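In what follows, a structure is listed as structure tokens, so that the remarks can point back to it.
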Amino acid sequence: MSVIQAQKTALITGAASGVGFAIAQLCRRQGMHLALVDIDAGNLTKARDAVAAIDPLLQTASYAFDVADRTKWTETATQIQSTFPTGLDLVVLNAGKGYRPQSTADGKLKPWMDVEYWHKTLDTNVIGILNGINAIIPLMLAPASARSLVITGSKQGITNPPGGGNPAYNASKAAVKSLAEHLAHDMRSDPSTAHIAVHLLIPGWTWTGMMGNVGPTAEHEVQKMAGAWYPSQVADELHRELDKGRFYIVCPDGETDRALDQARMKWGSEDVVEGRPALSRWDTSWKETAEEEIQAEAARRRNV
């Protein structure tokens, strides 16, 4: 039975725009009560009002704070427990940021000379998730009905593409993948938490706030980039894959299908096994071979 169903309760971080807001809308349309979290108080109020209007008889609470603030998480967990005494059935730890380095260093050295850029990125994307796990899991323990904890990662945390001056984002999402895998194993291995299924949501190219789609905007009002998915498409994919019980929920997009994603991930993991240079897919001496073999592997997977 799906955890996304009427009269259950969902907590969603990063809920004021993008994927978080789309998931909130989907959950509300399925009849769920909602607890929404975001650092952007103004847009969070708009998001809360928008989902509340879908069904005013359901509970809708919002909490504006920075997920990197552990004290605020503790305070908010107490408020959530009071507002939703039966606990949380679905938690989506989705809040994330993509900062840019501000160092005056030139070229590829720039992000490595800006420690503050690393701290800000990791504080939100990694520590923010750990804070949420610490504060929220106690609200999912009883009664021991089937519940789900979704953590939003990124393909960039798996394929680790260089360029763009943003290695901190890739590193943060690689850490998120690792912690989600460990958490999933530990939760299912403990009888007291085995009813909580952990999932890693891995969006592809999506029209989110990091691309300029800020706030709870109706999707038909947004002129997105060609090839990018709307956040609602990611939310729908999450719903389908949750119902299948998948841990890795890898979303395609308008330019990259599932087979190509799989081929790229396979190539990247084999850098270690085959002893190739780090990130060989982008290395001048390997680039052509990598592209040929990736495309061949993708074609093979499409024909299976």
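Remember, it's a predicted structure, so these values are computed and weren't measured experimentally.
Side-chain N or O atoms of Ser189 include one that pairs as donor or acceptor with a backbone N or O of His185 at under 3.5 Å. Side chain of Asn131 to main chain of Val67: a donor-acceptor pair is present (N/O by atom type, distance under 3.5 Å, no hydrogens or angles).
Of the N and O atoms on the side chains of Thr256 and Asp261, not one donor lies less than 3.5 Å from an acceptor on the other residue. At a cut-off of 3.5 Å, with distance as the only test, a side-chain donor of Asn170 or Gln156 sits close to an acceptor on the other residue. There is a side-chain donor-acceptor pair under 3.5 Å between Arg28 and Thr60.
Remark: of the listed residues Val19, Ile23, Val150, Asp38, Ile23 is the sole one forming a side-chain contact (heavy atoms from CB on, under 4.5 Å) with Ile12.
Between Phe65 and Trp73, the ring center distance clears the sub-6.0 Å criterion.
Residues in residues 254-304 take part in no ring pair (Phe, Tyr, Trp, His ring centres under 6.0 Å) pair, two or more places apart or across chains.
Between His33 and Phe84, the ring planes lie tilted relative to each other; the angle falls in the 30° to 60° range.
The side chain to side chain donor-acceptor pair (under 3.5 Å) check on Thr9 picks up nothing, with sequence neighbours excluded.
Salt-bridge annotation for Glu297 and Arg301: present, with a side-chain N of the basic residue lying under 4.0 Å from a carboxylate O of the acidic one.
The cluster map of Ile, Leu, Val, Met, Phe, Trp and Tyr, joined by side-chain heavy atoms under 4.5 Å apart, puts Leu109 and Tyr117 in different clusters.
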